[in-house]
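Report on the following structure.
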Amino acid sequence: MPELPEVEVVRAGLAPAVTGARIVAVDARDPRALTRHAGTPADFETRLTGRRIRATARRGKFLWLPLESERPGIPASLGGAPSSPEAIMVHLGMSGQMLLRTPDAPAERHERVRFAIEHPEHGELAVVFADQRTFGSLAIDPLVDTPDAAPGGSGDDAPLVPAQAAHIARDPLDPAFDDTRFRSRMSATASAVKRVLLDQTVVSGIGNIYADEALWAARVHPETPGRALSRRRVDRLLAEVRSVLVKALAEGGTSFDAQYVNVNGQAGYFAHSLSAYGRHGQPCPRCGRVLVRVAFANRSSHFCPRCQRVG
DNA sequence: CCCCGGTCCTGCGAGC
DNA sequence: TGCTCGCAGGACCGGG
């Protein structure tokens, strides 16, 4: 559910509170939140305590907090050897939340990890990772150079990306997104176009909701083989992908239930603007035909059988 | 190599 | 009214 717009809302919400803040304490109370962390929960806690957060960054649905390279207490200017760059990697999965709370705030219902931070201007805060379905995870991950030397993602100019996200394509709102590569990947596959949109190595940030919305807007049937789309149709689809992501971002993302919320626990408004997703049985906003839902790749596709045809 | 489908997890709501 | 079961899906992995 958290797709690009939702993760960007979270990143932008965290940015002013965590940029420049020092991590005072870490409580990794649920090891299931650290399944992608190479060490133990205790290792996660001790390696982060005392570190300073340099920035916030996002590529697709992956969010990370780059850390200052200086080791705690030993500035590089005083001869302290800088550690190789690393970041706190965050993936919200299906139901993960990053919440900003007061230092003494009671535990959240599905709280997994809590950071106590101290910001030079805002003072003490708690950053809480809560996650009902436990598909989300945190990790300390080394940062590696981007092959194209462009910034690793939105929010940070450094040409660095977490190793765990290095294989993920840039997202369609990234200025360094490669349209040509996207077109060639699409035209080279027999896979259904929707499967390609969901493939994070082709284009990142799109999940089931925005895939269905973009396909509806572009009048493309989700099962159309990628290679059956003309260049013109691929360009139109990519333009609609960008359009729907930008609109959703402007409305704070899509919230159906209490799962997706911003850092203050508030819902987004884009659910009211959905044209196809979750609207099966209701008329197509464009032609009036009843929208349908069909099983697709262990999830569902929602589309208009009149506006969206294979081929 | 390419493509597809199974798997993890928890809470909710539809339906009996 | 109370229970059970199916569904929601992001990313990864293994089989065909």
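Below, chains carry the letters A, B, ... as their sequence lines are ordered, and counting in each starts from 1.
- Proximity of A/Asp30 to A/Glu111: side-chain heavy atoms (C-beta onward) are nowhere separated by under 4.5 Å.
- Heavy atoms of A/Ser300 sit under 4.0 angstrom from primed sugar atoms or phosphate atoms, though from no base atom.
- For the pair A/Glu6 CD and C/dG10 C1', the computed distance is 13 Å after rounding to whole Å.
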Exercise for the section: Quick one: do A/Phe296 and A/Phe303 satisfy ring pair (Phe, Tyr, Trp, His ring centres under 6.0 Å)? Show the steps, please. Expected result: CA-CA 12 Å; A/Phe296 177 87; A/Phe303 62 95; 9.7 Å; no

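- Using a 4.0 Å cut-off between charged side-chain N and carboxylate O, A/Lys194 and A/Asp212 make a salt bridge.
- When rounded to the nearest whole Å, the span between CZ of A/Arg185 and C1' of B/dC1 equals 12 Å.
- With sequence neighbours excluded, the residues satisfying side-chain hydrogen bond (donor to acceptor under 3.5 Å, both in side chains) with A/His119 are A/His122.
- Within the 4.0 angstrom heavy-atom criterion, base atoms lie near A/Arg195.
- In this structure, A/Asp199 places its CG atom 16 Å from P of B/dC1, rounding to the nearest Å.
- With respect to the salt-bridge test (charged N to carboxylate O, under 4.0 angstrom), the residues A/Glu240 and A/Arg233 do not qualify.
- Between the CZ atom of A/Arg293 and the C1' atom of C/dG9 there is a distance of 13 Å, given to the nearest Å.
- Using modelled atom types, one finds a donor on one side chain and an acceptor on the other under 3.5 Å when comparing A/Arg11 with A/Thr56.
- The CZ atom of A/Arg112 sits 12 Å away from the P atom of B/dC9 (whole-angstrom rounding).
- The CE-C1' distance, from A/Met94 to C/dC7, rounds to 10 Å in whole Å.
- We find that OH of A/Tyr277 is positioned 7 Å from P of C/dA8, with the value rounded to whole Å.
- Comment: A/Arg36 does not engage A/Asp141 in a salt bridge, judged by the lack of any side-chain N to carboxylate O separation of less than 4.0 angstrom.
- Using a 4.0 Å cut-off between charged side-chain N and carboxylate O, A/Arg114 and A/Glu108 make no salt bridge.
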Under 3.5 Å, which N/O atoms of the protein pair with N/O atoms of nucleotides 11-16 of chain B?
| from | atom 1 | to | atom 2 | distance (Å) |
| --- | --- | --- | --- | --- |
| B/dG11 | O4' | A/Gln132 | OE1 | 3.1 |

Practice task
List the protein contact pattern of nucleotides 11-16 of chain C with one symbol per nucleotide (5' to 3'): B for base contact, S for sugar-phosphate-only contact, - for none; contact means a heavy-atom distance under 4.0 Å.
Solution key: SS----

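- Counting any heavy atom pair closer than 4.0 Å across all strands shown, A/Ala190 reaches sugar-phosphate atoms only and no base atom.
- Positionally, the nearest nucleotide of DNA chain B for A/Thr189 lies more toward the 5' end than for the other of A/Thr134 and A/Thr189.
- The distance between atom CZ of A/Phe135 and atom P of B/dT7, rounded to the nearest whole Å, is 13 Å.
- Salt bridge absent: A/Lys61 and A/Glu6 never bring a charged side-chain N and a carboxylate O closer than 4.0 Å.
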